[in-house]
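Residue numbers start at 1 and run along the sequence shown. Counting starts at 1 for both ligands and their atoms, in listed order.
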Amino acid sequence: MLIIRCHNGRRILPRRVRGMCGIAACVLRNGEVGPVLYDCLKRLEYRGYDSVGEASIIDGKIVVKKDKGKIDQVEEKLGISDLAGVVGIGHTRWATHGAPSQENAHPHTDCKNTVAVVHNGIIENFMRLRQELELKGHQFNSRTDTEVVAHLVEECLGSGKSFAEAVRLTSKKLTGAYALALISSLEPDKVVCVRNESPLVVGRGTDSNYCASDIPAFLSRTNQVIFLEDDEMAVLTADKVRLLHISDGEELTREPVTIDWNAETALKTGYRHFMLKEIHEQPMTVRNALRTHPIYLDLMASAMNRAKRIFLVACGTSYHACLAATYAFSNLAKFAVTPAVASEFIDTYGALVDSDSVVLAVSQSGETADTLSAVRGAKERGATVLGISNVMGSTLTRISDVYIGQNSGPEMGVAATKTFTAQLSVLVKIVVALARKREVLRSADLEALQNGFNRLPGWISIVLSTQEERVKRIVEKYSDRSSFCFLGRGIGVATALEGRLKLLELSYLPAIAYAAGESKHGFISVVEEGYPVIFIAPRDETYSKMIGNTMEMKARGAQIISIVDDQDGEVSGLSDETVTVPPGIPSMLTPIVFVVPLQLFAYYMAVGKGYDPDFPRNLAKSVTVH
Ligand code: AGP
């Protein structure tokens, strides 16, 4: 249990901090920022390691050290820990806009080198802002969304605004998720930082102050933490922290809270395992995936709309995302696509792949050997290759003609969780773009989907906050079982397969998964008194048949554990245990919510059996062999 004590000893339930890149900043009374920022960034490296950079003010000038690569590689090359100065900002990157490169590494500066900025998040309207600034003569050095901030602040400073005010006015022009930290040579004694949706915390020191994406960054220097809310900013000097509202500039006061975490707990931000942390990150990572820029979705939809055949190719959990998306392609875009396990793709469909084919490959790591060789085989046959990956700069993103970074941040747990729900979110977004291009999506369906997309993060949060204890209890009750079977219908088959894979790879139990209708043609012979069958039963077009399947299993003595919505009556009435999700989820989005209780089920079963859910035996996070 996480304990945070306010300075008067009162216990406070912590707000979890989440997100992608790692930003850090500090203002010191004494000493040099280089070693401090280096240490902060090392503690944030699990958030992103494509490129690293620091900036400080030396002799009234902004000095930047940044390059592509991991912290230690850049340290060796540039000696970032030697950076002088008492004010500084730092960044470790997880690329979203602009591939990993020295130019795209943070910090970014303005034309006059009077402002430097580091950023975590996505600035959705950056393209329009950039065009406006370029028309005013601003020169850009990178392809990032972030650089617009430095030039916008430059504009405000140019009109006589103070540094803090320039940052506040700039922030009001931005849309999207952003945590920013900035320095300016015009006011060299302070750091200004801003939070809107992306995480940012302030660390109150005795003769120094800090801000960072996550508490671990500065926990070795201070455990006095001020949590910033959305639409808030802080102005840090060596002995003062000023808090302001961005919208109206009003001053705020907030007491720091005391964090009593050790280093290990800190890396997992209080969770026992990375997997549990990543399961709880899904409201944020799904929101990020849904923020994929329409330009990329349109590029993919156009390529697909020209194709005679579309193949969705992947392995493991990524394949299950493709399988689920297949239902969306046919039901929403009225387009038949072929999902294929990558290791079987060329042998099965190689003869059909040609220049009229599109192969959409999905891989969180972007390095899975089977997926890459399927893609190379498709390329050799003239196909257009599209890619969805969580690792910008990975081989898949380099081979693909068009790719989308799903922006889930590093996934440390071997078992894919947040990357599954993010992949499927991007895939359904692509399907909607294709359906609109083909003019086959009824406006009512489009509206329901748009509404569904907006409510997805909230629905997942509800499941996490209301069902975790119930899942734990069910696991305790069924922890002695030697096998489980997951049954689903329609798009629920993909959810069942994913639930089974999670349990199998983490608890080493020989779990089974089936299309519920198919279970009558074999699996049912396994069912005996007390055999646990897990039903994934959204109230969609398959529901009435699901009731029949539940009764069939019950009649043979099975113990029914069902995942249903909280308005459900019939399947839950037949069940021994139920785990509920909110009602009203569009059927093509159900796997993104219904899978969460199954992820928790597998996690607690593994922990209950004393296994390490982060590093299950015989598995690797990225399988780079055939
Ligand atoms: C899933 O939990 C496993 N880690 C594994 O099945 C994984 O999904 C598969 O190896 C594919 O990995 P990729 O998405 O990185 O290509």
Sub-3.5 Å N/O-N/O distance, [X] and ligand 1:
{"X": "Val414", "result": "yes"}
{"X": "Gln423", "result": "no"}
{"X": "Ala416", "result": "yes"}
{"X": "Glu505", "result": "yes"}

I'd like to know if the side chain of Lys437 and the backbone of Ala301 have a donor-acceptor N/O pair within less than 3.5 Å.
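No, the answer is negative, given that no donor and acceptor are paired below the 3.5 Å cut-off.
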Looking only at protein heavy atoms, identify the closest one to [atom] and say how far it is in Å.
{"atom": "atom 10 (O) of ligand 1", "value": "Val623 CG2, 3.9 Å"}
{"atom": "atom 14 (O) of ligand 1", "value": "Ser318 OG, 2.5 Å"}
{"atom": "atom 15 (O) of ligand 1", "value": "Ser365 OG, 2.6 Å"}
{"atom": "atom 7 (C) of ligand 1", "value": "Thr317 N, 4.1 Å"}
{"atom": "atom 11 (C) of ligand 1", "value": "Cys315 O, 3.4 Å"}
{"atom": "atom 12 (O) of ligand 1", "value": "Thr368 OG1, 3.5 Å"}
{"atom": "atom 6 (O) of ligand 1", "value": "Gly316 CA, 3.3 Å"}

Can you sort out which atoms of ligand 1 are near Ser363, meaning under 4.0 Å from one of its heavy atoms?
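With Ser363 as reference, the close atoms of ligand 1 come out as 13 (P), 14 (O), 15 (O), 16 (O).
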Per-atom contacts, ligand 1 versus Lys502 - under 4.0 Å to a heavy atom
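Counting from 1, the qualifying ligand atoms are 1 (C), 2 (O).
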Is it possible for you to check whether Lys429 lies under 6.0 Å from the centre of the six-membered ring of Phe453, through NZ or CZ, and within 45° of that ring's axis?
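Output yes; distance and angle both within limits.
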Does a side-chain N-to-carboxylate-O contact under 4.0 Å join [X] and [Y]?
{"X": "Lys70", "Y": "Glu45", "value": "no"}
{"X": "Lys621", "Y": "Glu411", "value": "yes"}
{"X": "Arg489", "Y": "Asp540", "value": "no"}
{"X": "Glu281", "Y": "Lys277", "value": "yes"}

Under 4.0 Å, counting heavy atoms only: does Ala415 come that close to any atom of ligand 1?
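Under 4.0 Å: yes for Ala415.
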Report, as yes or no, whether the 6.0 Å neighbourhood of atom CZ on Arg381 holds more than 12 heavy atoms from other residues, nucleotides or ligands.
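Atom CZ in Arg381 is crowded, with more than 12 foreign heavy atoms closer than 6.0 Å.
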Measure the acute angle between the ring planes of Tyr349 and Phe345, then classify it against the limits of 30° and 60° as parallel, tilted or perpendicular.
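Judged by the thresholds at 30° and 60°, the geometry between Tyr349 and Phe345 is tilted.
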Plane angle bin for Tyr611 and Tyr508 - parallel if under 30°, tilted between 30 and 60°, otherwise perpendicular:
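If you compare the ring of Tyr508 with that of Tyr611, the planes turn out tilted.
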